[in-house]
Protein chains: 2
Amino acid sequence: MSEIELFTALEGGSITSPKGFKSGGLHCGLKKTDRNDLGVILCEVPATAAAVYTTNIFQAAPLKVTRESLANGTLQAIIVNSGNANACTGEQGEADAYEMRAAAAQHLGVELNDVAVASTGVIGELLKMDCVRSGIAALPEKLDGGAAGAEEFCQAILTTDLVKKEIAVKVLVGGVEVTIAGAAKGSGMIHPNMATMLGFMTTDADISAEDLHSLLRSATNVTFNMITVDGDTSTNDMLVSMASGLAGNEKLTRLHPDWDAFAAGFTYVCQRLAKAIARDGEGATHLIEVQVNGAVHDEAAAAIAKTVVGSSLVKSAIFGADANWGRIIAAVGRAGVPVSPERVNISLGDIEVLLHSKPVVFDEEKALAYLQKSETVLITVDLHDGTGKATAWGCDLTYDYVRINAAYRT
Amino acid sequence: MSEIELFTALEGGSITSPKGFKSGGLHCGLKKTDRNDLGVILCEVPATAAAVYTTNIFQAAPLKVTRESLANGTLQAIIVNSGNANACTGEQGEADAYEMRAAAAQHLGVELNDVAVASTGVIGELLKMDCVRSGIAALPEKLDGGAAGAEEFCQAILTTDLVKKEIAVKVLVGGVEVTIAGAAKGSGMIHPNMATMLGFMTTDADISAEDLHSLLRSATNVTFNMITVDGDTSTNDMLVSMASGLAGNEKLTRLHPDWDAFAAGFTYVCQRLAKAIARDGEGATHLIEVQVNGAVHDEAAAAIAKTVVGSSLVKSAIFGADANWGRIIAAVGRAGVPVSPERVNISLGDIEVLLHSKPVVFDEEKALAYLQKSETVLITVDLHDGTGKATAWGCDLTYDYVRINAAYRT
C-alpha cells in the first residue's frame, strides 16, 4: 500500500483534531430516548467550505439553507439534528430550517451565512421547534475542542446507527503537518448516489474552496457513492467539508507537490467512513466488499460492483453463509453494461467458485467457514474484458433489517 | 370497466382449456421433496408460437435451445423442469438442454424444432440427466387434456412459489369463441425486465406468429415488466405463447374488428399472472399496487411506479403496517425522471397522506387498519405534471423473504 507512506492514521483522532475546531452535542427532545439529537461543529475562523448533496428530487429544507450559506464558499458552524428530517414539511419546514440557522448564528456568534444546517430522521413531520430553540441556546456551553466534544457530536447525528463513525489522518504538506478528519452517520436509505448520508469533514489545511469542492466530489465518487445498504436515496443527505487553514501549510493547489498525499488522505477518510456506514447498515452482520476487475471501463466496473453489492439475493445469501455464486453472476448479467458471458471469474475471499464462467468444484466447508467467520466478505469478479476496475461496499440482508424498517416510525 | 364486455373469465379454466392442448407433470428426482419437477404442454398440431426472454447477459442453456426451435415460428411441445436452472453450466449444460429437447421430441412424437425447453431452479449445477431422461420417457402417459393435467403441470414448474398461477378467459372473434389461458411460476429473482419468470400461454385462436409476438411484447410491457419482488432478474426466464388455431375463428390480425377484444383478454391473462407472481413473492404477506398518474409521460410514470414498488424501505413499511409516506416520496424523488417537487399527492387506499407535497393530517388508526387488513395495498401517486400513467405491482419485504433466501441452496 503506497498510501501508507502518504499519510498516517491518527490514533484516537476526531473531527476536533484539526486545528481550530470545537464540537458538542446534547439531547433536546427530538428523539424519544435520551440519546443526543442536536450537535454542532464550530470553527474559530470562517473556514473554506464545500458540500455535495443528495440527488433526490425532494430535497429537505435544511439543504436549501445550507446551499445558501455555502454560496460564499465559507462556513463557520454546522448545526445538525437527528430524529426528524425536516423533509416534505412545506413552508413551515423551510421557516424552521432558517430559524435553526439564525439561532445557531446568534448563540455561536457567527455570521448567518456561515452556518450550515443538516437534519436526519423521519420525513414529513414538523420539527418540535421549542426543543430545537432551547437546545441551540444550550449548545455553546457544550462546545469542546477535544475528543469529548467530538464524541457528543457523533452521538447526536446517529439515527438507527449502532456505532459512531469517526476517523482522522495526518499528512505532511510542504513539511507542515496537516490533519484531516471526518464523522458520518447513516445506516438505512443508503444507495450509491451523490452524498447518501450525513458526513462532516474537518481539516486545518489551507486550500481554496474550488479545490476543496473538486476533491470532495472525486473522493465521494469512489467512496460514499460506492456504498449501498438498501438502494434507497434519502432526501436529506449531504457531505460538508470545512478547512480552517490554521495548519500553517503552504496553500494547497492541484499543482502542489503534496497534493496527491493530501488527496489520498482525504479520500482515505471518506472511504473509511463509507465502509463504516455500509458495515453498520441496518441489521447487518457482515460488510460485503465487491471488487470488479477487467471491465471495459471503470464506469462499467462500478455499475457491476454496485449491482452485485445491492442484490437482495446476494445479500441474503451472505447472511445465510451460502456460497451461492449463481446469484452473483445473475447480478453481473443485469447490471446494464457490456460483459462477455464466457470469461467471468468469481471468488469468495480466496476461494475460486467460477472460472471462465464455469463452476469450479470448491470446498463447501471452507466456503461456509469463510462466510460465517469473516467480518468482511470479499467478492471478486474478474471479467477479462479490459482494464476497468471498481470497488463497492454493502452489507448483508437480515431479519433485523426487516424488523428495524417495519417499525421505524412507530 | 369496459374490459368486462370484451372478454369473460373462465371459471376453473386452465392451460388445457383452449382447444388442442394437453399437459402433465411428474416428479423425476430434481427436487429434494416429492413435488413435481418435470412438466409438459403438448399441442395436437404445430402451434403458431412466440416468446420473450430475460434481458440478463448470462442466459441459461434452455433459452438458446428454445430460440432455435422458435426460429420457424411454431412449437408443438414445451418441456419444463424445476429444481435446477441449467444456467452457467457450460457446454455440458447446453448438451443437456439439447438432449431434453431431443428426448421430448422422441417420446411425444413431434419435430425436434417444435420443442421449447425451459428450466428454473438453482444456478450452476449440472442437471441429473438420469432423472430427466426417465422422467421424459414417463411423461406421455401423464398427458391429460383436462384440469388434472394442467394441475400437474402447474405444480411441476413451481420453486419457492406457494401457490400455482393459472387463468383462462373467453373472447368472441367474429362470433366464434376463442380461449386464452396462461400458467406461470416465479416468486424470487423477479424484477421489471422483459419476461422475468417462466410463463406459458395457450390459445386456440388462429393468429400469425408476427401478430402473436407483437401482442406478447406489448402485453408483457404493461404486466410482467411491471412487477418486482426483489430487483433481481433471472438468467432463465421466458414467456412462451402457443396458438393452436383450432378455435375456427377468422384469422386474427391487427385490422380484425375483434383484435382489441382479443388483445384485452390476452393482456388480462398476463396481468393476472403477473399480479399472482407479485402476490406470491417470496415471504410476501401483501400485494402492493402502485398507480402513478399525471407524470410527464407513461415511461416516467412506469419508472416511478417501479421505483416505489421496489423500494426496500417502502416494502418493509407495508409489512409493518406503517403509513410511512416519507419513504414513498423519497422513492418518487430518486426514480431518475422529471417530477415537480411541489405538487405531489399520495394516497394509501383512499386515505390521502400527502397533498401538493405537504403532509395531510390523517387518521393513523384508520391507516393502520387499512394496511393490516388489506390483502392488496394500493399506493396512488398523482404528480400533476402531465397525462402519463402506469401501474406496478410488488410485495412487502418480510422476515420470511430473508429466511427463504438465506437458505435457498442448502
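Naming convention: chains lettered A, B, ... in sequence-line order (proteins, then strands); numbering from 1 in each chain.
The two residues A/Gly333 and B/Phe58 make their nearest non-hydrogen contact at CA-CD1, 3.4 Å. When all heavy atoms of B/Gly124 and A/Trp325 are compared, the closest pair comes out as CA-CH2, 3.3 Å.
Counting only heavy atoms from C-beta outward, the side chains of B/Val402 and A/Val402 approach each other to under 4.5 Å. Side-chain contact check for A/Gln92 versus B/Lys358: every heavy-atom pair is 4.5 Å or farther apart.
With a 4.5 Å cut-off on non-hydrogen atoms, A/Val337 touches chain B through its backbone but not through its side chain.
Note that CD1 of A/Ile328 is 11.0 Å distant from SG of B/Cys88, once rounded to the nearest 0.5 Å. Rounding to the nearest 0.5 Å places CG of A/Leu354 at 10.5 Å from CD1 of B/Ile123.
Your options are A/Ile329, A/Leu397, A/Val344, A/Val339, and the one with the most heavy-atom pairs under 4.5 Å with chain B is A/Ile329.
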